[in-house]
Amino acid sequence: MNKFFYIVLVFTVLTSCSEFQKALKSEDIATKFKMGEELYNEGEFSKANRLFAQIVPNYRGKPQAEKLMFLYSNSFYKMKDYYVAGYQFERFTSSYPKSEKVEEAAFFGAKSYYMLSPRYSKDQKETKEAIEKLQEFINVFPDSEYVAEANELIQELDFKLEKKAFEIAKQFNHISDYPASVRSFDNFIFEFPGSRLREEALFYRLDSAYKLAMNSVEYKSTVQEGLVYLKKNRLEEAKDFAKAYKQSFSNSKFIDEVNEMATNIDEELKRYSTKS
């Protein structure tokens, strides 16, 4: 019995392949369209795409072109060829703005850009572009069933940008480039005020400012300002950072380290009071 089913399966596959090859070689565009749609509905997107690609120019301006172009665009998405899918979906929405499929095409066109977004450690050009495309979709179709998902995707992409900026600032801290770390964390806190990484960002900014201050020389001379009390100024800045941190995150996992830094800063500043 199993042998019989195996023979039937092999025969079916061979017949299907034979019909596909015939359709590929056929001059009849209607045959290609019909076979392509059948293959698409069966999940054979690569084969369907090959047939659609052959007939797209022939259907330009015809009533069936709208359906063909949607299937053709979506076949790229299903094949995970997101570069081409995004381009084709945009062509579809601009060519058929009144289509009942325009909303779906616009969303999956934008989502194609989301799928191209790399991990946070890479260059984030595609991530920023994906955010723009998804926000544009939301603006055009505010009542769409896809808006909730689009917002979720934007949040995910936004966090990727936050993570990128955070890790750059943290890396400056790790390599002991404390001035660059403080500047980078200042920028991060300004650009992402509601970030879930804010607590850590404030801590590492303080840590960088603290280490910079404790390792600073007492004075420096500048043409514009004359003699500057470098270490004292940096200690006072670090003290302000410690105060701000404790006010916002009094129960933080870092609070013991923060309190220790604050105590050391106060002890150092007492020396200047004594000198005065």
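Nothing fancy with the numbering, it's 1 onward along the sequence. Just so it is clear, the values below take in all heavy atoms, side chains as well, and ignore hydrogens, waters and symmetry mates.
- The pair Arg234-Glu237 does not count as a salt bridge, with every side-chain nitrogen at least 4.0 angstrom from each carboxylate oxygen.
- Ion pairing of Glu268 with Arg271 is present here, as a side-chain N (NZ or NE/NH1/NH2) and a carboxylate O approach within less than 4.0 Å.
- Between the Lys246 side chain and the Val258 main chain, no donor and acceptor come within less than 3.5 Å of each other.
- Relative orientation of the Phe52 and Phe33 rings is perpendicular, given thresholds of 30° and 60° on the angle between their planes.
- With sequence neighbours left out, the ring-ring contact (aromatic ring centres under 6.0 Å, His included) criterion links Phe92 to Phe70, Tyr96.
- A pairwise comparison of heavy atoms in Glu162 and Ser195 identifies OE1-OG, 2.7 Å as the closest pair.
- Among pairs with a residue in residues 129-155, those fulfilling salt bridge (Lys or Arg N to Asp or Glu O under 4.0 Å) read Glu90-Lys133, Lys111-Glu149, at least two apart in sequence or across chains.
- Using a 4.5 Å cut-off between side-chain heavy atoms of Ile, Leu, Val, Met, Phe, Trp and Tyr, Ile175 falls into a hydrophobic cluster with Ile168, Phe172.
- Salt bridge Lys270/Asp266: absent, no basic N to carboxylate O contact under 4.0 Å.
- Taking the ring-ring contact (aromatic ring centres under 6.0 Å, His included) definition, one finds that Phe107 meets it with Phe137, Tyr146, sequence neighbours left out.
- When Tyr83, Tyr87, Tyr72, Tyr82 are each tested for a ring-ring contact (aromatic ring centres under 6.0 Å, His included) with Tyr77, only one passes: Tyr82.
- Side-chain atoms of Ser181 come within 3.5 Å of backbone N or O of Ala169 as a donor-acceptor pair.
- When all heavy atoms are compared, the tightest approach of Ala238 to Ile265 is CB-CD1, 3.7 Å.
- In terms of heavy-atom proximity, Phe249 sits nearest to Ile255 at O-CD1, 3.7 Å.
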| request: Give the C-alpha distance, both sets of side-chain angles, the deciding distance and a yes or no for salt bridge (Lys or Arg N to Asp or Glu O under 4.0 Å) between Glu42 and Lys47. | output: CA-CA 10 Å; Glu42 292 170 5; Lys47 289 182 178 179; over 6 Å; no
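- Under a 4.5 Å side-chain heavy-atom cut-off, the cluster of Ile, Leu, Val, Met, Phe, Trp and Tyr residues that includes Leu212 is completed by Tyr178.
- Ring planes of Phe185 and Phe188: perpendicular class, angle over 60° (limits at 30 and 60°).
- Figure legend: Arg205 and Phe241 shown as a cation-pi pair, the cationic atom lying under 6.0 angstrom from the six-membered ring centre and within 45 degrees of its axis.
- Here the CG-OH distance, from Leu197 to Tyr204, works out to 11.0 Å after rounding to the nearest 0.5 Å.
- Tyr120 meets the ring-ring contact (aromatic ring centres under 6.0 Å, His included) test with no other residue; sequence neighbours excluded.
- Gln135 places no side-chain N or O within 3.5 Å of a backbone atom of Asn151 that could act as its donor or acceptor partner.
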